[in-house]
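Here's the structure we're looking at; comments come further down.
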Amino acid sequence: MGSFQSPRGTRDILSPEVSYWQWVEATARTQFAQAAYREVRTPIFEETALFARGIGEATDVVGKEMYTFPDRKDRSLTLRPENTAGVVRACIQHSLVAPGNLQRLWYCGPMFRYERAQEGRQRQFHQLGAEVLGSADPRADAEVIALATDLLQRLGLSNLTMALNSVGDGRDRQAYRHALVEFLTPYHNDLDPDSQDRLSRNPLRILDSKDLRTQAIVADAPSILDHLSPDSKSFFDRVQQSLTDLGIAFTLNSRLVRGLDYYTHTAFEIQSSDLGAQATVCGGGRYDGLVEQLGGPSTPAVGWAMGLERLMILLQRLQEPPAMALDFYLVSRGAAAEAQALQLAQQLRRQDFAVELDLSGSAFGKQFKRAARSGAAACLVLGDAEAEAQTVQLKWLTSGEQLSLTQVELLEDVEGLRSRLALAAAALATSA
RNA sequence: GCGAGCGUGGCCAAGUGGUUAAGGCAGUGGAUUGUGAUUCCACCAUUCGCGGGUUCAAGUCCCGUCGUUCGCCCCA
């Protein structure tokens, strides 16, 4: 072919679908505003070392999924594969993190990972995320998680489950890793090949292997929850209590492990069974060591990220897209009428009406057909006779009622029009 | 990175080696030079993702390539 296609793993978000995106973004925006979270917009690419150090050299994300490239001065840059590292970097750079200083932030934007696409997984995808920096209080964990569950609820999504775990602090994890490796080593040859490999590299990941034989072995493995220090244990208890107080349902899953190295203590995932292999809609947890790891002051933090493509899959199954609201469709024919219609459309828009002007110049019949399909509440008609008399026909498309009035009258009766439009919209809503 | 399936107009498709590439939706023009429905007529793929090969003959078989889908790995 001679034409271009969007690159592998990327896609265009077109008209009916894009209204879901706008709806989700608008809902998130108000939700975050109500909880006093501020939006951050960080660069889409960062120094490669930021991700390598933040996410962890040994992780798959860093090891094989990053879009890394040299710029013209041979600096190594990387398209962000996630945004926590970038947000933390921004907070350090602008001194937003300091002892006793709390930052509540949210973001939304594209992320990039070089992976084979499948349902709910693309090379360019979008995440909505929340981060709280500077609080070691378990209520911060609960607040941030509640924001995620509330948002999903506002969007009308039920049928989601939340898995919760604690991976403890660094020392707890170290101890647990030992215990786990000790337990698994005798079964080495019975593990699936991937897990055999992970035994030395990243043994915790064996816990959520999808291989059935491995799962059977892991079923009797020691639980991380038995390896938590008293402090870690009590912290996790308080997180659970806070969630319960908020009426947020969760299932403890001691085998829940997250793939990024920076997580400590609380780890959670919100999952749907309607998503195929990519079940996680939202994942996050506490990352108390990351700020320091990236060169800032020791600062506790919690956060999560939500995969918007996955969210859209669920939303599109549940409900029709919100329709584009159009007040008037303007039909005209004849040189004088067309000129007046162009001006009338602009004047109405300045009064905050949504107006579509038919530019086809085709027969009235065709234009009316388009008017009916446009979803507009009313149609305005300008032909030779109207142009001559400076009038306009106003036709309500729901009832078919039509009246003639002067263009001046139309523009002066803004309040009357607005209430009629509200009625028409209500009629549409009940008929739908 | 690995495994398997798929790729025919804007969309949904029939077609499984013989040829003039069905059909539906949408669109455009007209019947109807000023009113949304219905109906009717006409137009809408020198070509089947792209490149090569086999064959007298290829949308149909083979190879490659690109894209896509499902799964693995991994993650949101």
Side-chain angles (χ1 to χ4, degrees), chain A residues 1-11 14-16 55 58-66 81-84 108-129 148 192-195 197-198 201-202 205 208-211 257-260 263 268-272 275-284 303-314 329 331-334 337 358 360-376 378-387 393-402:
Chain A
M1 342 186 131
S3 55
F4 294 104
Q5 288 181 21
S6 58
R8 171 171 235 185
T10 67
R11 54 189 216 97
L14 302 175
S15 169
I55 299 169
T59 61
D60 277 46
V61 169
V62 171
K64 59 176 202 188
E65 293 171 6
M66 295 206 300
E82 56 98 57
N83 206 25
T84 301
C108 181
M111 308 293 158
F112 306 84
R113 289 183 201 173
Y114 192 92
E115 296 182 281
R116 195 73 163 264
Q118 67 190 69
E119 171 150 61
R121 200 181 68 185
Q122 293 166 235
R123 291 187 172 182
Q124 174 173 340
F125 62 105
H126 298 78
Q127 286 187 336
L128 177 72
D192 62 282
D194 283 321
S195 293
D197 188 42
R198 284 183 288 208
R201 226 180 60 247
N202 195 350
R205 294 233 57 106
D208 58 9
S209 168
K210 285 179 188 167
D211 184 84
V257 179
R258 318 235 48 247
L260 277 34
Y263 286 109
F268 77 97
E269 284 186 4
I270 299 173
Q271 300 171 329
S272 164
L275 279 175
Q278 263 60 45
T280 302
V281 180
C282 176
W304 49 255
M306 207 175 269
L308 294 186
E309 279 76 6
R310 294 181 189 177
L311 202 56
M312 299 307 154
I313 292 171
L314 297 175
Y329 190 95
V331 158
S332 61
R333 191 147 162 83
D358 193 309
S360 70
S362 52
F364 272 116
K366 301 287 180 190
Q367 294 196 50
F368 271 100
K369 201 169 173 181
R370 279 192 280 270
R373 284 185 197 171
S374 72
C379 184
L380 292 169
V381 191
L382 270 151
D384 293 335
E386 289 79 10
Q393 304 283 333
L394 169 61
K395 177 170 183 176
W396 296 97
L397 289 167
T398 39
S399 63
E401 175 198 352
Q402 181 169 330

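We name chains A, B, ... by the order of the sequence lines, and we start the count at 1 in each one.
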Side-chain heavy-atom pair Phe268(A), Cys282(A) within 4.5 angstrom cut-off: yes
Distance, P atom - from rC25(B) to rA21(B), rounded to whole angstrom: 23 Å
Complementary nucleotide of rA76(B), counting Watson-Crick and G-U pairs under 3.5 Å: none
Heavy-atom side-chain proximity of Asp358(A) to Ser374(A) below 4.5 angstrom: no
Gap between atoms CG and P, on Asp384(A) and rU35(B) respectively (whole Å): 14 Å
Check: rU69(B) base within 3.5 Å donor-acceptor of Glu119(A) side chain: no
Whole-Å C1' distance, rG29(B) and rU8(B): 27 Å
N/O donor-acceptor pair, side chain Glu386(A) with base rG34(B), under 3.5 angstrom: yes
Stacking check Phe364(A) vs rU35(B) (5.5 Å / 30 deg): no
P gap between rG24(B) and rU38(B), integer Å: 16 Å
Euclidean distance, atom CG of residue Asp192(A) to atom C1' of rG71(B) [Å, nearest integer]: 15 Å
Euclidean distance for P, rA58(B) against rU19(B) (whole angstrom): 12 Å
Sugar-phosphate, base or nothing in reach of Val331(A), heavy atoms under 4.0 Å: nothing
Touch class at under 4.0 angstrom, heavy-atom based, for Gly383(A) against every strand present: base
Among Gln127(A), Arg11(A), His126(A), Gln124(A), side-chain hydrogen bond (donor to acceptor under 3.5 Å, both in side chains) partner for Glu309(A): His126(A)
side-chain contact (heavy atoms from CB on, under 4.5 Å) partner of Arg123(A), chosen from Arg113(A), Arg8(A), Glu65(A): Arg8(A)
rG15(B) and rC75(B), which share atom name C1', separated by this distance in whole Å: 42 Å
Of Lys366(A) and Glu309(A), the one whose closest RNA chain B nucleotide lies more 5': Lys366(A)
Touch class at under 4.0 angstrom, heavy-atom based, for Gly284(A) against every strand present: nothing
Pairwise C1' distance, rA14(B) and rC74(B) [rounded to whole Å]: 41 Å
Sugar-phosphate, base or nothing in reach of Arg116(A), heavy atoms under 4.0 Å: base
side-chain N/O Lys210(A) vs rC72(B) OP1/OP2, d < 4.0 Å: yes
Sugar-phosphate only, base, or nothing, as touched by Gly129(A) at under 4.0 Å among non-hydrogen atoms: nothing
N/O (side chain, Gln118(A)) to phosphate O (OP1/OP2, rG71(B)) under 4.0 Å: yes
Touch class at under 4.0 angstrom, heavy-atom based, for Ala305(A) against every strand present: sugar-phosphate
Atom pair distance, as rounded to whole Å: CG in Asp60(A) and P in rA76(B): 12 Å
Spacing between Tyr263(A) atom OH and rC74(B) atom P, to the nearest angstrom: 16 Å
Touch class at under 4.0 angstrom, heavy-atom based, for Gly9(A) against every strand present: sugar-phosphate
Salt bridge present between Arg198(A) and Asp194(A) (N-O < 4.0 angstrom): no
Complementary nucleotide for rA31(B) - Watson-Crick or wobble, under 3.5 Å: rU39(B)
Sugar-phosphate only, base, or nothing, as touched by Leu311(A) at under 4.0 Å among non-hydrogen atoms: nothing
Integer angstrom distance from the P of rC70(B) to that of rA13(B): 16 Å
Pairwise 5' ranking along RNA chain B for Lys64(A) and Ala372(A), keeping only the more 5' one: Ala372(A)
Paired nucleotide for rU54(B) [Watson-Crick or G-U wobble; both distances under 3.5 Å]: none
Pairing nucleotide - rC44(B), Watson-Crick or G-U, each distance under 3.5 Å: none
Span that lies between the C1' atom of rU20(B) and that of rA45(B), in whole angstrom: 14 Å
Side-chain heavy-atom pair Glu82(A), Ile55(A) within 4.5 angstrom cut-off: yes
Spacing between Leu394(A) atom CG and rU35(B) atom C1', to the nearest angstrom: 14 Å
Short side-chain N/O contact from Arg8(A) to OP1 or OP2 of rU69(B), under 4.0 Å: no
Identity of whatever pairs with rU16(B) - Watson-Crick or G-U, under 3.5 angstrom: none
Base-pairing assignment for rA4(B) (Watson-Crick or G-U wobble, both under 3.5 Å): rU69(B)
Enclosure of Phe364(A) CZ (heavy-atom neighbours >12, cutoff 6.0 Å): yes
Base rC75(B) paired with Arg310(A) side chain (donor-acceptor, <3.5 Å): yes
Phosphate OP1/OP2 of rA76(B): any Arg258(A) side-chain N/O under 4.0 Å: yes
